[in-house]
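The block underneath contains the structure these notes are about, expressed in structure tokens.
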Protein chains: 2
Amino acid sequence: MSSNIKRPLTLRDVSEASGVSEMTVSRVLRNKGDVSAATRQKVQDAAKQLGYVPNKIAGALASQRVNLVAVIIPSLSNMVFPEVLSGISETLEDTGLQPVVGVTDYMPEKEEKVLFEMLSWRPSGVIIAGLEHSEASDAMLRRSGIPVVEIMDVDGEPVDTCVGISHRRAGRIMAEEIIKAGYKRIGFMGTKMPLDHRARKRFEGFTRTLAQAGVEIADQEFYSGGSALAKGREMTAKMIDRTPDLDFLYYSNDMIGAGGLLYLLEKGMDVPGQIGLAAFNGVELLDGLPRQLATMDACRRDIGIKAAQIIAARNQDDAPVDETVIALSPVLQFGTTLRR
Amino acid sequence: MSSNIKRPLTLRDVSEASGVSEMTVSRVLRNKGDVSAATRQKVQDAAKQLGYVPNKIAGALASQRVNLVAVIIPSLSNMVFPEVLSGISETLEDTGLQPVVGVTDYMPEKEEKVLFEMLSWRPSGVIIAGLEHSEASDAMLRRSGIPVVEIMDVDGEPVDTCVGISHRRAGRIMAEEIIKAGYKRIGFMGTKMPLDHRARKRFEGFTRTLAQAGVEIADQEFYSGGSALAKGREMTAKMIDRTPDLDFLYYSNDMIGAGGLLYLLEKGMDVPGQIGLAAFNGVELLDGLPRQLATMDACRRDIGIKAAQIIAARNQDDAPVDETVIALSPVLQFGTTLRR
DNA sequence: CTGAAAGCGCTAACAT
DNA sequence: ATGTTAGCGCTTTCAG
């Protein structure tokens, strides 16, 4: 009967079981260097037979290489980041790199903690949402000596590289279209924004552009927490009641926009005749709604793909750093809630 | 001018900068062992000043301890797993353990790969969705010698421990209520199920219970991919058209149920008078719908919390393993689409 | 309270 | 094609 002690197997175990030196076993298991077919076979058999799982900790320490990419995002509970993530995963799939996700809940202190934790594993790259970080986080990123891609946003100074859209521009474009369509009494609904810099920038771009056209936000309402769909409903009801002459509602995300849309349709209001609607993100969910909500695609998947490509490239060649800011173009989707 | 070479700092750097031995520096940075206040201060200052980030790889190799918990789930793109995850994260927060997420896309081969990858980092525990794994995955889990919690489901034999609900029972309870309410012509819609074992088990429990009451599914339809809301709409339209005398629709998840509900209300159908609806999961999204869709809460958050607690406990004491199967009770939420 | 030595399991670099 | 040696950066253990 073999040993009962549950001790993880080592290269040495495989070496002994196969009668091949540790070094050669290591080579076989990594497909590195030339090994005869016969030896290779012996080693592979022994490894599989024993159920050997290599110790990446030791491997990483010895080789000074870690195939992990730290991905730091604020949240998983809306559709936006999972989609970025899937772009990242897919792109990294054939590179040998592995994404590792950390969530910050939009809290700078938590971001700092998660970042520290992840950097202490010496990943091959960091993909992190946003351009605004605490001073300490910024310093860590800068000093880490590893490739950093800040994603989602391009309005600001990246530590290293960034991929995203200009949220100010997104806000501006939306405002322009709304004005062009002749709407005048505009209400805004969104999250409380102190911590969501991108929502804030969209709002800024939006109001500024309206101002230039001599239009001011007629009403606004902010929320936090709870079911976004339900919140959209509630806020819309409240706002319509409070400011009945509104002819347009701009929502900072699709979920609350969808809630608003459902509410207005139930009330029998004419959308977009009587009142127009638009939101932001372009989430797949909208496809199933009774009307197609006007929105702006945030290029989430593309952002993930591009960010991953940058990390992968930096780990391959010592290629010259080409662009440091990659701005994608958000696409306005008119849908059927914004008349033209 | 200090060195320009971007080399990660080591304990030695901190040791030199503070004039304290490496060993003592290590003690300070880990709050381990007694160190005089003065020395502690010197070390902390030096570390902060230099921006030292410890190398966990070396630390883990030396101490044979890794504060990571592998969490392996099929998907992030529906609301169910993010909620489990948040339960896990929150619970692990004060334990010093860190969740690391891997996604399998419901593919056994991918699960095997992700599991292997994660086990090679020697985590302190594994939380993995489902009780069905490939033979190789099963063997890896069993041989790993680390605590394993299989989550979501309890209908089967766990490798080590499991926390979840009985999906067969969930299906049965729903069927019982539907029959009790007097519905007779029942349609079913769901994902193609070969890979989603939990959906399959619910379906089995559902149909079996109907059969016992002498009722057979009158129509059924399966989908894969695409926007679930839109799919729910489409499938419902198709089914209602094909089998007009249906008086109840059971959906395998809330998202398609919501799509169906929206469709039927638009068509001016009387829900639940003319036709009743029910789905599964209890996602927050439903709160914002025009009707409250009947559903069954899958205890997602509680599952995450309990699983994390088990991993944490196993890492603390060598406490005797109490229960190995923890079955939570899914709660039926009648809402307003299932008449009583 | 502080330090010195040994070694975690693997791989880089150099033999052969 | 295969083996040998040294050491990655930290912590454990043991000595002061």
Side-chain angles (χ1 to χ4, degrees), chain A residues 5 7-44 46-47 50 52-68 96 116-117 119-124 144-145, chain B residues 5 7-44 46-47 50-68 96 117 119-124 144-145:
Chain A
I5 305 154
R7 178 201 27 102
L9 298 166
T10 67
L11 264 190
R12 169 167 221 128
D13 295 309
V14 181
S15 166
E16 283 170 1
S18 63
V20 177
S21 81
E22 277 190 51
M23 195 54 231
T24 300
V25 170
S26 166
R27 282 198 266 257
V28 171
L29 266 23
R30 285 178 298 144
N31 289 317
K32 205 88 192 258
D34 293 328
V35 181
S36 76
T39 315
R40 179 178 302 279
Q41 195 56 48
K42 265 195 294 187
V43 171
Q44 283 170 337
L50 295 171
Y52 172 70
V53 176
N55 186 331
K56 286 225 179 199
I57 298 170
L61 184 60
S63 66
Q64 308 279 45
R65 273 120 56 75
V66 177
N67 70 335
L68 266 23
F116 183 81
E117 197 71 18
L119 285 180
S120 71
W121 287 99
R122 304 287 189 262
S124 290
S144 68
Chain B
I5 305 153
R7 171 193 43 92
L9 298 166
T10 67
L11 264 190
R12 169 168 220 127
D13 295 310
V14 181
S15 167
E16 283 169 1
S18 62
V20 177
S21 81
E22 275 189 51
M23 195 53 235
T24 301
V25 170
S26 166
R27 282 198 266 258
V28 171
L29 267 22
R30 285 177 298 143
N31 289 316
K32 204 89 192 259
D34 293 329
V35 181
S36 76
T39 313
R40 179 179 302 280
Q41 195 58 47
K42 265 195 295 189
V43 172
Q44 283 169 338
L50 295 172
Y52 172 70
V53 176
N55 185 331
K56 287 225 180 200
I57 298 170
L61 184 60
S63 66
Q64 306 280 49
R65 270 119 57 83
V66 177
N67 71 335
L68 266 23
E117 197 72 18
L119 285 180
S120 71
W121 287 99
R122 304 286 188 264
S124 291
S144 69

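Separating the CG atom of L61(B) from the P atom of dG7(D) is a distance of 16 Å, rounded to the nearest angstrom. Atom-to-atom, CD1 of I57(A) to C1' of dT11(C) comes out at 15 Å; the value is rounded to the nearest Å. At whole-Å resolution of the value, CG in N67(A) and P in dT11(C) are 12 Å apart. Between R7(A) atom CZ and dC8(C) atom P there is a gap of 11 Å when expressed in whole angstrom units. Across the protein-nucleic acid pair, L11(A) atom CG and dC8(D) atom P stand 19 Å apart, rounded to whole Å. E22(B) has its CD atom 14 Å from the C1' atom of dT2(C), to the nearest Å. For the pair L29(A) CG and dC10(C) C1', the interatomic distance rounds to 12 Å; values are reported in whole Å. Residue K56(B) contributes atom NZ, which lies 20 Å from atom P of dG9(C) at whole-angstrom precision.
Counting any heavy atom pair closer than 4.0 Å across all strands shown, D34(A) reaches a base atom. Within 4.0 Å of R30(A), counting heavy atoms only, lie sugar-phosphate atoms of the nucleic acid but no base atom.
Within the 4.5 Å cutoff, the side chain of K56(A) has no heavy atoms near those of the V66(A) side chain. In this structure, V43(B) and L29(B) have side chains that are in contact, with non-hydrogen atoms separated by less than 4.5 Å. Inter-residue side-chain proximity for R7(B) and D13(B) is flagged as met; some heavy-atom pair is nearer than 4.5 Å.
Closest to the side chain of T10(A), from the set dT11(C), dG9(D), dG9(C), is dG9(C). Comparing dG9(D), dG3(C), dG7(D) by their closest approach to the side chain of S21(B) singles out dG3(C). Picking from dA12(C), dA5(C), dC10(C) the nucleotide with the shortest atom distance to the side chain of A62(A) gives dC10(C). Among the nucleotides dG3(D), dC10(D), dA5(C), the one closest to the side chain of V20(A) is dG3(D).
Remark: Q64(B) is in phosphate contact with dG9(C), judged by side-chain N or O atoms under 4.0 Å from OP1 or OP2. Contact annotation: Y52(A) side-chain N/O to dC10(C) OP1/OP2 distance is under 4.0 Å. The shortest distance between the side-chain N/O atoms of S63(B) and the OP1/OP2 oxygens of dC10(D) is not below 4.0 Å. Proximity of T39(A) to the phosphate of dT2(D): a side-chain N or O atom is located under 4.0 Å from OP1 or OP2.
Heavy-atom distances to DNA chain C give each of A60(A) and T24(B) a nearest nucleotide, and the one nearer the 5′ end belongs to T24(B).
Atom CZ of R12(B) has 12 or fewer neighbouring heavy atoms from other residues, nucleotides or ligands inside a 6.0 Å radius.
A donor N or O paired with an acceptor N or O is found under 3.5 Å between the base of dG3(D) and the side-chain atoms of R27(A).
S120(A) contributes no side-chain N or O that, together with a main-chain N or O of N55(B), makes up a donor-acceptor pair within less than 3.5 Å.
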